[in-house]
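Worksheet for the structure shown next.
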Amino acid sequence: MLRDVMAELRAGSDDFLMMILSSPSGAGKTTLCSKLRKEFPALAFSVSHTTRKPRTGELDSREYHFVEEPDFRKLVEEDAFAEWAEVHGNLYGTSLAEIERARQAGSLGILFDIDFQGARQIRARVPEVISVFILPPSMEELERRLRSRASEDEPTVQRRLAKAKLEISNYSMFDYLVVNDDLEKAFERMKSILVAESARRMRKSALAESLLRRGRL
Ligand code: ADP
Ligand code: 5GP
């Protein structure tokens with residue numbers, strides 16, 4: 001049943017927006033995501049499953065569904081994920097149930113904060129998905145932001161910096177590149193993308209057709 005969700009999304013091409021936000025760790029994706037969620041409350045946020053331990057201030061089922069690895073592997077076996085990947089030594093996945101919940105709730109769409117491996121998998125299943133990659137203005141600034149977050153120890157910072165180049169090298173798979181130099185400007189760019197994407201012909205053609213059916217224009 002849940003597996004049908006992706007097929008339905010592909011076939012429907014309806015006005016349910018699916019947007020992926022990716023970036024190297026520290027570029028500001030979480031910050032931009034939470035600003036978008038505030039501005040567009042009708043947009044659901046996909047709460048991923050992860051085997052990573054919660055950081056200070058993170059709540060189960062708010063930032064992530066925090067699970068142990070055997071439970072995560074069981075969900076993989078049950079085909080419960082739209083995508084999943086190993087990122088920075090932990091497992092992360094987007095459950096099909098999360099997407100279905102957002103659709104059932106009548107949300108405007110759903111926002112995925114996932115890495116490039118997950119973006120590739122979702123794009124393969126739902127080509128209409130909108131994908132945005134956030135770039136830092138420079139590698140120096142990326143390092144500064146990673147350190148300023150102060151939630152990770154030095155080896156973690158080093159590991160994430162080393163991985164940043166690999167992540168950036170996948171930029172060409174994304175529809176949009178947004179440079180997060182000034183936060184407010186980057187946010188304006190993100191909002192423009194959402195507004196423009198929601199006006200795409202394929203999302204509004206059902207309305208146009210129903211207007212044609214109903215009367216003389
Ligand atoms: P990510 O989710 O991509 O790992 P975060 O959103 O956690 O990154 O941001 C990393 C750090 O950089 C945070 O401390 C955040 O407040 C800061 N930050 C985000 N965007 C900007 C910006 N445009 N200018 C300066 N600092 C920023
Ligand atoms: P963090 O541990 O800092 O919250 O996230 C680390 C990385 O994992 C980020 O790049 C984030 O986008 C990615 N991530 C979070 N959830 C998922 C998910 O469900 N699937 C995939 N593929 N990546 C995810």
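In each ligand, atom 1 is the first atom listed, and ligand 1 is the first ligand listed.
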Geometric cation-pi criterion R52 and Y92, 6.0 Å radius, 45° cone =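 So R52 doesn't make the cation-pi contact.
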
Nearest protein heavy-atom contact for [atom]: which residue, which atom, what distance?
{"atom": "atom 8 (O) of ligand 1", "value": "G28 N, 3.2 Å"}
{"atom": "atom 16 (N) of ligand 2", "value": "S48 OG, 3.2 Å"}
{"atom": "atom 20 (N) of ligand 2", "value": "E83 OE2, 2.8 Å"}
{"atom": "atom 7 (O) of ligand 1", "value": "R149 NH1, 3.0 Å"}
{"atom": "atom 12 (O) of ligand 2", "value": "D113 OD1, 2.7 Å"}
{"atom": "atom 1 (P) of ligand 1", "value": "G26 N, 3.4 Å"}
{"atom": "atom 13 (C) of ligand 2", "value": "D115 N, 3.9 Å"}
{"atom": "atom 3 (O) of ligand 2", "value": "R55 NH2, 2.8 Å"}
{"atom": "atom 9 (C) of ligand 2", "value": "K29 NZ, 3.3 Å"}
{"atom": "atom 4 (O) of ligand 2", "value": "Y64 OH, 2.6 Å"}

Which of the numbered atoms in ligand 1 are below 4.0 angstrom from a heavy atom of [X]?
{"X": "T31", "result": "5 (P), 6 (O), 9 (O), 15 (C), 19 (C)"}
{"X": "S23", "result": "3 (O)"}
{"X": "T30", "result": "1 (P), 2 (O), 6 (O)"}
{"X": "S25", "result": "4 (O)"}
{"X": "L183", "result": "20 (N), 23 (N)"}

Between [options], flag the one that comes closest to [atom] by a heavy atom.
{"atom": "atom 20 (N) of ligand 1", "options": "N180, L142, L32", "result": "N180"}
{"atom": "atom 17 (C) of ligand 2", "options": "F81, Y92, F112", "result": "Y92"}
{"atom": "atom 27 (C) of ligand 1", "options": "R160, R145, R144, E184", "result": "R145"}

Tell me whether [X] at atom [atom1] has more than 12 heavy atoms from other residues, nucleotides or ligands lying less than 6.0 Å away.
{"X": "E154", "atom1": "CD", "answer": "yes"}
{"X": "R62", "atom1": "CZ", "answer": "yes"}
{"X": "K191", "atom1": "NZ", "answer": "yes"}

Identify, by atom number and element, the atoms of ligand 2 in contact range of G118, meaning under 4.0 Å from any of its heavy atoms.
->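 Heavy-atom distances to G118 below 4.0 Å select 22 (N).
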
With heavy atoms of T94 as the reference, note each atom of ligand 2 found under 4.0 Å away.
->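 Near T94, meaning under 4.0 Å from one of its heavy atoms, ligand 2 has 19 (O).
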
Part of [X] within contact of ligand 2 (heavy atoms, under 4.0 Å):
{"X": "R52", "answer": "side chain"}
{"X": "E86", "answer": "neither"}
{"X": "W84", "answer": "neither"}
{"X": "V87", "answer": "side chain"}
{"X": "E63", "answer": "neither"}

May I ask whether S148 has any heavy atom positioned less than 4.0 angstrom from an atom of ligand 1?
->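 It does, in that a heavy atom of S148 comes within the 4.0 Å cut-off of ligand 1.
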
Answer yes if the ring centres of F66 and F72 are under 6.0 angstrom apart, and no otherwise.
->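 Here the rings of F72 and F66 have centres that are no less than 6.0 Å from each other.
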
Does [Y] offer a backbone N or O that forms a donor-acceptor pair with the side chain of [X] under 3.5 Å?
{"X": "E98", "Y": "V47", "result": "yes"}
{"X": "E143", "Y": "E140", "result": "no"}
{"X": "E197", "Y": "L17", "result": "no"}

Any heavy atom of [X] closer to ligand 2 than 4.0 angstrom?
{"X": "H49", "value": "no"}
{"X": "R160", "value": "yes"}
{"X": "S25", "value": "no"}

Check whether any N or O atom of E167, backbone or side chain, sits under 3.5 Å from an N or O atom of ligand 2, and answer yes or no.
->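 The answer is no, given that E167 and ligand 2 share no N or O pair closer than 3.5 Å.
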
Quick check: does A85 get an N/O under 3.5 Å from an N/O on ligand 2?
->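 Between A85 and ligand 2, no N or O pair is found under 3.5 Å apart.
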
With a 4.5 Å cut-off on side-chain heavy-atom distances among I, L, V, M, F, W and Y, is there a chain of contacts connecting [X] to [Y]?
{"X": "W84", "Y": "M173", "answer": "no"}
{"X": "I99", "Y": "F81", "answer": "no"}
{"X": "L21", "Y": "V195", "answer": "no"}
{"X": "Y176", "Y": "F40", "answer": "yes"}
{"X": "L142", "Y": "L177", "answer": "yes"}

How long is the span from the OG atom in S22 to the CD1 atom in I114, to the nearest 0.5 Å?
->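 It is 5.5 Å, given to the nearest 0.5 Å.
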
K29 versus S23, closest heavy-atom pair with distance |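 Scanning both residues, the minimum pair turns out to be CE-OG, 3.0 Å.
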
Got a salt bridge between [X] and [Y], using NZ or NE/NH1/NH2 to carboxylate O under 4.0 Å?
{"X": "E77", "Y": "K74", "value": "no"}
{"X": "R37", "Y": "D113", "value": "no"}
{"X": "E69", "Y": "R73", "value": "yes"}

With a 4.5 Å limit on heavy-atom distance, are the side chains of I130 and I20 in contact?
->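 No, side chains not in contact.
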
Is D182 in polar range of ligand 1, meaning some N or O pair under 3.5 Å apart?
->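 Such a contact does not occur with ligand 1.
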
How does D181 reach ligand 1, if at all, at less than 4.0 Å between non-hydrogen atoms: by side chain, backbone, both, or neither?
->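 The part of D181 near ligand 1 is the backbone, not the side chain.
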
